[in-house]
Amino acid sequence: MKPRRKQGWARLRALLRPPRTLKVTRIGRTYLVVTFGVGLGALNTGNNLLYLLLGLLLSMVVVSGVLSERCLRDLSVRRVGADAAWAAEPFAFRWALRKKHGHGFALALSEADSPLTGVGGVGYLPAGVDHVVRADLMAPKRGPVLLTGVRITTTWPLGLFAKSRVFPLEGTLLVYPRRGYACQDPGEAERGPVGDAGNPRRNDGTGDVAGLRDLMEGEDARRIHWRKSAAMGKLLRVEREREERRTWVLAVEAGLEGDALERRCEEVAALAHRLIEEGHEVGLDTADGRLRPAAGTAQERRVLRALAWLGHEGPRSDADEEAA
């Protein structure tokens with residue numbers, strides 16, 4: 001099914017969803033069977049004590065429904081989101097929950113009508129307090145995930161029924177490719193040592209220690225080797241080699257689909273992480289465009305975002321994503 005059609009079905013399901021849903025728990029099924037048996041016994045025997053017991057059991061069902069409804073009223077929720085989400089592994093996701101009046105008990109939060117699995121919970125929610133609920137969610141695969149609403153469920157007070165209410169709240173969670181290992185080598189660098197790496201034999205960099213010399217007037221005191229200086233009785237400065245920095249432009253070949261595309265995205269993500277961790281510059285060349293080489297964690301995020309959107313349609317701005 002195409003992404004746009006899938007998003008349309010998700011929005012239609014959200015519109016047709018009833019305001020409340022009720023599910024009988026395992027304890028509730030046992031309770032209803034016992035209540036039904038007591039009712040049959042009262043009708044067959046005409047025993048007043050059984051009638052009294054039946055009335056008590058039925059009244060507990062009514063009390064459970066009324067109190068659980070009070071728990072779900074006057075609630076407001078907003079998505080805080082996740083710092084980052086990778087496919088096929090748990091990631092931290094947060095919601096901010098607030099109850100205007102009354103108290104809430106045994107509340108469980110999850111994303112409605114989405115492939116995300118996992119539930120966050122809060123045992124007691126006082127009135128007028130913002131409470132951040134955290135959950136470990138998991139996404140099955142890479143790409144944007146359309147979020148249509150937050151489901152809040154309570155089994156309070158007796159655990160007989162699980163009553164749920166869905167709060168419409170649209171958003172998009174961007175899931176990065178699954179983290180793994182790259183079986184292929186990145187190949188030859190597109191560009192040799194640049195910047196600090198103009199000559200690896202030159203000193204005054206941040207690489208390996210090349211030697212010690214006397215500290216000159218006006219030089220940075222952070223370069224002093226204090227242990228050797230104490231032993232020699234004079235200030236000695238550490239000289240380090242300039243580190244190497246190279247540039248790679250990784251590519252995802254056009255025309256890949258399905259598992260081949262997923263596997264290639266995972267390999268490119270792993271290579272980009274390794275090269276950026278080593279201090280190199282990394283760019284990305286895909287059918288959707290070219291990402292200019294750069295270094296640092298911000299560049300790794302840009303590469304991951306480009307890989308996550310590859311093969312998908314939709315808005316690609318940071319404001320439209322809960323995690324990017």
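Everything numeric here is computed off the predicted structure, so don't read it as measured data.
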Backbone of L56 reached by a side-chain donor or acceptor of S59 within 3.5 Å: yes
Under 3.5 Å: donor-acceptor pair, side chain of R20, backbone of R165: no
Over 12 foreign heavy atoms within 6.0 Å of CZ, R73: no
Parallel, tilted or perpendicular: ring planes of W248 versus H280, cut at 30 and 60 degrees: perpendicular
Whether over 12 other heavy atoms sit under 6.0 Å from D259 CG: no
Minimal non-hydrogen separation, V175 against A87, with atom names: CG1-N, 3.4 Å
Side chain T25, main chain L160, donor-acceptor under 3.5 Å: yes
R264, CZ atom: more than 12 neighbouring heavy atoms under 6.0 Å: yes
Where A251 and V268 come nearest, the two heavy atoms and their spacing: O-CG2, 3.9 Å
Residue pair G296 / I276: nearest heavy atoms and the distance that separates them: O-CG2, 3.4 Å
Close side-chain approach of V62 and L58, heavy atoms under 4.5 Å: no
Where P177 and L307 come nearest, the two heavy atoms and their spacing: CG-CB, 3.8 Å
R94 vs D83, salt bridge (charged side-chain N to carboxylate O under 4.0 Å, His left out): CA-CA, chis, key distance, verdict: CA-CA 10 Å; R94 296 174 293 275; D83 296 332; 3.4 Å; yes
Heavy-atom closest contact (V133 atom, G120 atom, distance): CG1-C, 3.7 Å
Heavy-atom side-chain proximity of T153 to R151 below 4.5 angstrom: yes
Salt bridge present between E266 and R263 (N-O < 4.0 angstrom): yes
Donor-acceptor pair, side chain of R302 and main chain of L291, under 3.5 angstrom: no
Close side-chain approach of K234 and L236, heavy atoms under 4.5 Å: yes
Hydrophobic cluster identity match, W156 and L107, side-chain contacts under 4.5 Å: no
Heavy atoms of other groups near Y124 OH, more than 12 under 6.0 Å: yes
Close side-chain approach of R305 and Y176, heavy atoms under 4.5 Å: yes
Linked, directly or transitively: V38 and V63 (ILVMFWY side chains, under 4.5 Å): no
Polar side chain donor-acceptor pair, E111 to W95, under 3.5 angstrom: yes
Reference residue L50; test side-chain contact (heavy atoms from CB on, under 4.5 Å); the match among L52, N48, N47: N47
Any donor-acceptor pair under 3.5 Å from Q299 side chain to V282 backbone: yes
Electrostatic pair R134-D136, nearest N-O below 4.0 angstrom: yes
Any side-chain heavy-atom pair of V166 and T148 under 4.5 Å: no
Nearest heavy atoms of A308 and P144, plus distance in Å: O-CD, 3.9 Å
Aromatic ring pairing F105/H103, orientation class (parallel under 30°, perpendicular over 60°, tilted between): tilted
Check: T35 side chain, Y31 main-chain N or O, donor-acceptor pair, under 3.5 Å: yes
K141 bridged to E262 by N-O distance under 4.0 Å: no
